[in-house]
Structure formats: structure tokens, C-alpha cells
Number of protein chains: 2
Amino acid sequence: MATIDDVARLAGVSTMTVSRVVNGSSAVSDKTRQKVLEATETLGYQPNLLARSLVTNQTHTIGVLLTHIENPLYSIFLSAIIQEAEKHGYDIIMSAATDLDSTLKSINTLYNKCVDGMIILSVEFRDSKDDNTTIFHTVEQMQAFDHEFEKIAAKQKPIPVITLGDHHMDYVSGLVNIDYRLGGQMAVEYLHTYNHEEIGYISHVVTDTGIWGERYQGFLDGMRACGKTVREEWIVKCVDTVEGGFHAMKEFIHSAGKLPSAISCANDMIAVGAINAAITEGLRVPEDISIIGHDGSYVGEITEPGLTTVSIRPYAVGRACFSVLHDCLTDTGTARKAVITPEVLKRGSVKAR
Amino acid sequence: MATIDDVARLAGVSTMTVSRVVNGSSAVSDKTRQKVLEATETLGYQPNLLARSLVTNQTHTIGVLLTHIENPLYSIFLSAIIQEAEKHGYDIIMSAATDLDSTLKSINTLYNKCVDGMIILSVEFRDSKDDNTTIFHTVEQMQAFDHEFEKIAAKQKPIPVITLGDHHMDYVSGLVNIDYRLGGQMAVEYLHTYNHEEIGYISHVVTDTGIWGERYQGFLDGMRACGKTVREEWIVKCVDTVEGGFHAMKEFIHSAGKLPSAISCANDMIAVGAINAAITEGLRVPEDISIIGHDGSYVGEITEPGLTTVSIRPYAVGRACFSVLHDCLTDTGTARKAVITPEVLKRGSVKAR
DNA sequence: ATGAAAGCGCTAACAC
DNA sequence: GTGTTAGCGCTTTCAT
């Protein structure tokens, strides 16, 4: 492992000159540059980035906090972030713990490793009293996390922190939000353009806040905007998994006196379960019933027919996360916030009435 | 940002003493330790890991090379590696480029950032002449990569490099392999125990080497071991995607004079497509035809019925990757190689004849 | 255009 | 048990 000193010695110049050549930072005569380049080549010199970072105070590494990489949506966020980061010469160091304590420890380590910035994608921990782990954290979990995060950040050199979704802490310098509510509305409006009058809704328990609440509000917005009647018996609750959607739909088919012509499902998992249930029960999708999902993960590509869904455009989300961070890092951009607008991804599960 | 000097000054001791307290490296009297701890606390001191690494020559960071995080199988490998790494105090820095050049650049950067070790999970690049990107690289791609990797590694401080699957380079210090061939055989044997005599096989083009070849050989092994006849017309080729499996199965149903009672599909995507096609064509799975897949990714959980499959046990694979690396790092273990044995994951797509 | 000196924040090695 | 010195490999600052 050759160091900069070795190169300097071989080239017969000072280390400073080598540094200048390597970094192209300031003018060096062609002749000396040549000598240095040769020495670099023969020694196979590679700069020690640790040493460089120690003095420049930049690591060109950013930390990404994520709790469930296996979640297809999240892996796409991550993928997009990595791709963008690479384009701009940044590497990603991951934190992906499953409980609060180790996550916090991990965050602290990232700080200690001097990451240039941080992206908080998801904060969601397995909770003893709730085994139906959803991909969205509870309000209490989030607050607890935010609070602990602040304590950690307070001890550290301030760096840009970007979050996906709102967090309540002073250390956030940028934000990416997904317009879930608009998405909820778009689903209804899309079905409306296909002449569906009777629309049902299957969702995880609706909380006031959070993604489930927003999408449901959007559903109501859409129904109102299109002049449709919301029928209580067509609002079904379930666990937010394929199985949950399957059971909910199955029971719905059996118990409902009359089925709506279309159903909006609060996420793709539920929607896929619903499609499976409909088919199992002898209904044809989309001929007998149309189904639309939310998210745009690729689980919707696996069913037959494919799931038409309101995509949150996960790549765009990931790109936005990095882009907002990059703005903070370079201070060139003014954008410290981005809102991702969903779009309908047409596959085969919706058909005109 | 307090440094070790600040703490030393406040505590009225030398930096060395602070270092000793922080690292617990050698004995310090209770009284001074107390003073140091207090100073650490009031200043909110956090060690700069860059500086530490520069002198200890250890970063407690390992590089993971991966080309398709979005692939559910790979994201599980990664997840398992991260979890194991965290347990042992290591962080993961990712390289996930999509073409050869940027991958190599990225690897070089990881070296320059002084990772303690590296895990090469997948090397597979989009190839202009082959749009049907499979998750497994071609022989040429692998050789080109291996060659270039060697050139990079030659210039760097030697560190343990672990690969998933065989690579041909001198710098590999550990290896994790998956027994695909055994898996191929297990599928047949599993179907055999369920009294299936007539077994078909759907696969991507079978090459001599690589995963497709191995699984096919395993299929033949199994058929031989169980005393069954391989019928050429029941060996179907297709693109290794859900769509590919769908089309292949559909055509197979239409063209085959007689269908086998069970089909082994070379991966889960194909198998899921096959299930979809069977159902679309009015066959019941598993009542009319049994289908078994390979891999054990969660796409098989999405269909109805769920896909019974020969799982490569992706978590075990990821854990093994880290574990072999960790052995190399600590030099305690002797295991420099691990072979993962697949296991049958029972869901609902296989039924006794 | 080039170099010398100093220092980033930490720990290893040796003193006492 | 504690402190001193030196140095990890690099860049910054200020000379020349």
C-alpha cells in the first residue's frame, strides 16, 4: 500500500505536489504532473480516504436509515437513492436495525463515522402489543424515536437530515412527502372515468393521521368530488397483508347483499389478496368486479390480471430523498421539501363498467 | 463537537487516559475514570471514528456488492447480512451499480474507504445483446468482472473477500455456495413422495453451467433416483419471469397431448406465472395439477394457492456470507466455505395424487 | 509553480 | 496507573 509520501519520494517532489496532482486542485506544471502521474502508476497509489476525510471533514458517505429492506417498496427507495448517490460520488452506509435501541446506537455510529448527511426512510419497530406489523409506525413509536434522535443529534456535528414523511424534530433539514390523500382521491376519480358508480373501500384500521387515514380521507374526497354516495357497508377493514385482503374480500363477498362494481384497496397487498379472493369465489376480475390498489410495488405485477394501482412512484420518492439531501449538502438548491404526486399505473384489474 | 483533547483538559488528565477510559483498553483508577466519565458526559463527547480508524487500521465497516437490490431474494440476503453485521458491531457500505465500469469504480472506492472486508453477492450487468436480464450473470460477464476485480485488488491492502457462488480470482478468501443441483433433485423427490409419476419441467434456457444447468441436472438426478421417465415434450423453455412462466404454461396446456400431474419450475417467478396460467385456463391448482418452484422468495406467498417451493433459504445464505467473512476477519474460525442446502417450503400448490 | 510546517483526532509504544 | 512522544495519511496555510 503506497502512500502519498512514497509517490512524492519516487517522483522527487513534495507530498503537496502529489496531492495537487491527485486532486487537480491547483495548477502544476506539465512536467512535474507527468512525473507524479508516472510514480502514481508504478506504485499503484490509491489515496486513503480516511485520512483525507479527517482533514477535509467530508466523507462523501451518507447514512440511510431503514427498518425493513425486505419490503419491496423500501428496497426500491433504497435502490433509487443508491443510484442517485453514485452519480454524485456518494456512497451509502446502511442502518437497518429492528428495534429502537439498536437503531439509535446505529445512528450514533453513523454520526461518529462522520457521514455527510442522513436519510431517514422508515422508522418502525416490532411492537410487542401489535403483531400485525404494518409498514407504518405508530404515532407513539415515531415520537419516541424523534425524541431520542434529537438527543443523539444534539451531541453531534450538525449535518443535513432528510426524512421521508413528517417527523417532529429540530434537526430535520429536508423533507420528502407523498401525497397519500391525493392518491386516495385519484383512485376514485380513475374508477369514475370508467363509469363505476358503486365503489367500496378495503383498508387497514383507519387512524386519524398517517397513511391509512390520509388515503381514506382521499377516498372520501374523491367520492364527494364525483358526487357518489359512500355506503358504510362497503367500507371494509382488514389486516394490511395479502392474507388480510383475501379474508376481508372473501367475507365481503359472502356477507354483502350487493357488491359494488369496483373496490379501492388501501394498499397493493390488500388488493392482491382481494383479487385472489374474488377469483377463488368465482368472480372474474375485472369483468365482474374492478379492483384498484395503492403503492405501486411490484406485487401487483404478479397476479393475473395485473393490479391497476395508484403508484406512489417509489423511484421518484427515492430520487427526491437524495436530491433534497444533495441540495442541502451543496447549498445550491433552495428546495428543502419535495412532495411526490402519485400516478395511476394501469394494469389489468380495472375495466369500464 | 468535543474532541478527546477537550475532555482531557476538562478532566485534568492526558488524552491517553481519556482514550483508555473510552475504550476500556487498560486499567484506570476508579477516581480518574469517574472524572473522565463526567467530562465526557458534560461535553457530550463522541469519538471520531475516522481518526480512530486511521490509526487502528480497522473501520468496522464492510462493503457489500450487489447489482439488484430490488430482487426480493437479494434484498433478503442483504437484510440478513446487515442484521448479522450489526450484532457484531459492523456497518455495511453498499455498492450497487448497474454497469461494469461504475461497479469497478465503486469497489475501488470501498477499498479506498478502508472497509475491513467485502462480500460480493451478485455481479450481473445489463447486457445490450440480452434484454431478458436474468438474476444470474453470464460466464463472460463473470470472467470480465473477476479479471478487473483482480487488477483493483492488486493495488490495495489485502482484505478478506467473500463471494456468493464461485469466482475465479486469487483474492477470494471465503465462499458461500448454494446447492442448486440438490435443490433440483429435492423438488422431484418431494413430488415423488406425493405419488406424482408424470413430472414436467419449465426452465429458462439450460446452460451447461450456472444455476439453470445445475437445477436441471438435479431434476434429471431426481427423475433417475425415483425411477421415472423424462419425457422430452414435458421439458419446456421460457423467459425467467412471471410473464415467461405464464406464456410457457399456457402454450404447454394447449399443445401438450397429455399434461403431467406435476410440474417443477426452475424458479418462483416462472412457477407463479405457471399457476396463473393454469388457473386462467380453468385448471385447479393443486387439484388438477401440482406446481413446485425454486428459490423461496416471497412472490410465492402472493398467489392463491401459495406456491410450494424449494427454498434456498435466503436468510441462511445471507447469514453464512457474513459468518464466513467474520471468520476471516477474526481468524478464529477455520470455515472458509459454506454450502447452503435447500429445503422444501410447503405452501398450497402441491397435492398428493 | 512548488515546498515546509502544522494539524485533523485519535492510539501505540514506551516511559515513569 | 498515568503521561509523553510520535505518527496514521492526508490537506491547509503560508512561504518562496
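Letters go in sequence order (proteins before strands), and every chain restarts at 1.
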* Asked: How close do A:Ile340 and A:Ala320 get, heavy atom to heavy atom, and via which atoms?
  -> CD1-CB, 3.9 Å
* Asked: The side chain of B:Thr17 lies closest to which of these nucleotides: D:dG9, D:dG1, D:dG3?
  -> D:dG3
* Should B:His68 and B:Tyr74 be marked as a ring pair (Phe, Tyr, Trp, His ring centres under 6.0 Å) after you check the CA-CA gap, both sets of side-chain angles, and the distance that decides it? -> CA-CA 7 Å; B:His68 290 247; B:Tyr74 288 1; 7.3 Å; no
* Closest to the B:Ala51 side chain: D:dT11, C:dG9, D:dG3? -> C:dG9
* Which comes earlier along DNA chain D counting from the 5' end, the contact point of A:Leu49 or that of B:Ser26, where each point is its nearest nucleotide? -> B:Ser26
* To do: Measure from the side-chain heavy atoms of B:Ser14 and tell me the nearest of C:dC10, C:dT2, D:dT4.
  => D:dT4
* Over how many whole Å does the gap from B:Met16 atom CE to C:dC14 atom C1' extend? -> 11 Å
* **Whole-Å distance separating the CG atom of B:Asn48 from the C1' atom of C:dC8** => 8 Å
* **Atom-pair distance (CD on B:Gln58; P on C:dC10), nearest Å** => 17 Å
* Starting from P on D:dG1, measure out to NZ on B:Lys35 and report it in whole angstrom. => 15 Å
* Asked: Just checking B:Thr32: base, sugar-phosphate only, or nothing, at a heavy-atom cut-off of under 4.0 Å?
  -> sugar-phosphate
* Asked: Is it true that A:Lys35 and A:Glu38 make a salt bridge, defined as a side-chain N closer than 4.0 Å to a carboxylate O?
  -> no
* **Among C:dC10, C:dT2, D:dC10, the one nearest B:Thr3 by side-chain distance** => C:dC10
* Asked: Rounded to the Å, how far apart are B:Arg9 CZ and D:dT2 P?
  -> 19 Å
* **Interatomic distance where CG belongs to A:Asn23 and P belongs to D:dT13 [whole Å]** => 14 Å
* To do: Could you check how far CD1 of A:Ile4 sits from C1' of C:dA4, rounded to whole Å?
  => 14 Å
* Asked: Counting side-chain heavy atoms from CB outward, which of C:dG7, C:dG9, C:dT11 is closest to B:Thr15?
  -> C:dT11
* To do: Considering just the side-chain nitrogens and oxygens of B:Thr56, establish if one lies under 4.0 Å of OP1 or OP2 belonging to C:dT11.
  => no
* Among C:dT2, C:dT11, D:dG9, which nucleotide sits nearest the side chain of B:Ser19? -> C:dT11
* To do: Answer yes or no: side-chain N or O of A:Arg20 and base N or O of C:dG3 forming a donor-acceptor pair under 3.5 Å.
  => yes
* Using a strict cut-off of less than 4.0 Å between a Lys/Arg side-chain nitrogen and an Asp/Glu carboxylate oxygen, indicate whether B:Asp327 and B:Arg336 qualify as a salt bridge. => no
* To do: Could you check A:His167 against A:Phe149 for ring pair (Phe, Tyr, Trp, His ring centres under 6.0 Å), going step by step and ending with a plain yes or no?
  => CA-CA 10 Å; A:His167 279 256; A:Phe149 185 93; 8.2 Å; no
* Whole-Å distance separating the CZ atom of B:Arg52 from the P atom of D:dC10 -> 21 Å
